[in-house]
Number of protein chains: 2
Amino acid sequence: MVTVHDVARAAGVSISTVSRALGSPERVATETRDRVTRAAAELGYRPNHAASGLRKGRTHAIGLVVPDLENPYFASVTKSVQARARAEGYEVLVADSDEDAAVEPELIDALAARTDGLVVASPRSGEAELRAALVGVTAVLANRELPPARKAGSGAAAVPFIAVDDADGVAQALGHLSALGHRKVGVAAGPASSWSGGRRVAGLIAAAGRWDVELVELGNFQPYFAGGIQAADHALASGVTAVVAFNDLMALGILDRLRHRGVDVPGEMSVVGFDDVQLAALVSPALTTVHIPLARLGQRAVDLLLARLRGGTPVSGQLPVELTIRGSSGPAPAETVS
Amino acid sequence: MVTVHDVARAAGVSISTVSRALGSPERVATETRDRVTRAAAELGYRPNHAASGLRKGRTHAIGLVVPDLENPYFASVTKSVQARARAEGYEVLVADSDEDAAVEPELIDALAARTDGLVVASPRSGEAELRAALVGVTAVLANRELPPARKAGSGAAAVPFIAVDDADGVAQALGHLSALGHRKVGVAAGPASSWSGGRRVAGLIAAAGRWDVELVELGNFQPYFAGGIQAADHALASGVTAVVAFNDLMALGILDRLRHRGVDVPGEMSVVGFDDVQLAALVSPALTTVHIPLARLGQRAVDLLLARLRGGTPVSGQLPVELTIRGSSGPAPAETVS
DNA sequence: CGATAGGGTGCAAACGTTTGCAGGGTCACG
DNA sequence: CGTGACCCTGCAAACGTTTGCACCCTATCG
């Protein structure tokens, strides 16, 4: 292993000069700098991150905690977080909780110990547990808000977060269905404990009055393909003419189940999802869904974290969403004999 | 930040004892150990990885380089690599090359500098470039083989790798189609530069004679949904009754295109994929495809790497694959007028 | 021409661990 | 009772950087 000492000897300077030539070039004479740079290149010098991390107290790495890497939603988040971090000179450590809230604290702990900060995406943990796991670690949340503890005196600031405008998304979806003549629409909710799930249901309820549609709560389902299959049967049983699903995976499950049961989409039933996963555009009929700027989400999360690390005052925010109308939604079926 | 010194003071021992109590408990008296452990817990001591990494020369982290995190295939690999590594006490740094072979060396470099070793999955680089990027870094390859350089004297051992039995997979697929009566089968190949792509085509050619089927090379296509759409039209034009695709994404594209063109699957055309991505089982008709034990692939890659790190002699290998027959393949259509 | 400022460099002390070496104590054995 | 063996612990030196401080030298100004 070649160290600063080797480079120093080769360049005929002291190790401090080597360090400065490489780290803050403006503090060393041009000619010396060149000599050092050249020597370093010739020897193939690679600075030791552990050493500089130790001295500077910075690792130049960030951590990312996600519930499930195989979920295309989080795959996209991971991809964009990784891309942005790398562009800013940071490496990314990733940990997958496998949808288990119980392991989140331990993952957070492990990653926090070796990184400068964390992006925690859609944590499944409850408020108290999450707050406990996050004490002392600089983190930002993606798709989750964590209000500061009520304990007076604990002046802990709220954890910065970046989310999407769930309420607006479902409002757009419901408006779309309303305009198509649907009066009774089913809502296939996600897990009761899901933060964004709660926001979406609340948004739907708020929008229902405005758009003059009756909401039928079909129940809470797993946010996967399988959950959608289950939800589809409930939708058919409840007499709705449209259903909005918690997310795309579920919507795709609904679509598949409806096809199996011989129900025409969108002729007899309209389906709208949420997320606009890659796949949504590829199936037939293509899925009408609320598009989330996933790449921006990851990127903004990193920006937020970096702002915190650099001492700025990061400002939490919501990303705008946009309903993307495709083939799975259409006019409500004409009144039948009832 | 609480250090060994703080714990030492609290426990009334020296820092060496603290270090030993925590690192090699058998070397310190039971009573002292307890005292130290308790003090550490009370103070909330977290060992500094940078420091121990510096001293021990080990980071206890590994790197993973993949072409595209959004590709469900690599998402699964990433997930299993991460799981296995964590189970073995290692963290995982991930880097996404975005399918760009040119950035792979730089990613490998960056990760190698902060980890103990690398898992490089399906690298897109050519042999020479890859070999160059890998000199001096301990790495294992997933889904790629890299024969040692021919240069005599450069005693560099081959890079250990873990792959899947591509030849057997396509042989099974072709045998299945043959048994169903197909005599003219189209092959929708992936990018010409793909290592596994080459193996699969070779395997098909080898198996064709044995199963008495005529192979029609439809061309090279992008290994994505869009590539499949393109391939489907070629398949229809060529008069084959079945097509085997380079991977599932492509097969799904073929399926979708055939449906759009009103071609019944499997009535008029059979389709078989490769990989058995989650989604393959979910579409209708469900995709007949060669199942790869993806979870084991990542796991084995990590095991291989860890074996290397621990001084063992890792042995490269192939994972067995298994044809999974679903709805997209069926008997060849009866002879028509022509 | 002398004083002063400031740029360029080196010395040495950190950063928080781990670990070779050695000292002190206890115990068993001769 | 003396001697050696062995267990437990502490001292101090690493590991490879970064950086405060101090030094020297040159240029500038009065």
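A note on names: the letters A, B, ... follow the listed sequences, proteins ahead of strands, and every chain is numbered from 1.
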Rounded to whole Å, how long is the line connecting atom [atom1] of [X] with atom [atom2] of [N]?
| X | N | atom1 | atom2 | answer |
| --- | --- | --- | --- | --- |
| B:Arg58 | D:dA14 | CZ | P | 22 Å |
| A:Glu26 | C:dG6 | CD | P | 17 Å |
| A:Lys56 | D:dT19 | NZ | P | 6 Å |
| A:Asn48 | D:dC15 | CG | P | 11 Å |
| A:Asp6 | D:dT17 | CG | C1' | 14 Å |
| A:Arg46 | D:dT17 | CZ | C1' | 16 Å |
| A:Arg55 | C:dC15 | CZ | C1' | 6 Å |
| B:Ile15 | D:dT9 | CD1 | C1' | 12 Å |

Side chains of B:Pro123 and B:Glu129 in contact at under 4.5 Å (non-hydrogen atoms):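 The answer is no; the side chains never approach within 4.5 Å.
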A:Gln82 versus A:Val94: any side-chain heavy-atom pair under 4.5 Å? no
Between A:Ser80 and A:Gln299, does any side-chain donor sit less than 3.5 Å from a side-chain acceptor?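 Checked: A:Ser80/A:Gln299 side chains show no N/O donor-acceptor pair below 3.5 Å.
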Pair A:Arg124 + A:Glu104: basic N to acidic O under 4.0 Å: no
If you measure from the Lys or Arg side-chain nitrogens to the Asp or Glu carboxylate oxygens, is any gap between B:Arg131 and B:Glu127 under 4.0 Å? yes
A:Val2 or A:Arg20: which one's nearest nucleotide on DNA chain D is closer to the 5' end? A:Val2
Touch class at under 4.0 angstrom, heavy-atom based, for [X] against every strand present:
| X | answer |
| --- | --- |
| A:Ser52 | sugar-phosphate |
| A:Ser16 | base |
| A:Ser19 | base |
| B:His49 | nothing |

Below 4.0 Å: OP1/OP2 of [N] and any side-chain N or O of [X]:
| X | N | result |
| --- | --- | --- |
| A:Ser14 | C:dG10 | yes |
| A:Thr17 | C:dG10 | yes |
| B:Thr32 | D:dC8 | no |

More 5' along DNA chain C: A:Val28 or B:Val18, using each one's nearest nucleotide? A:Val28
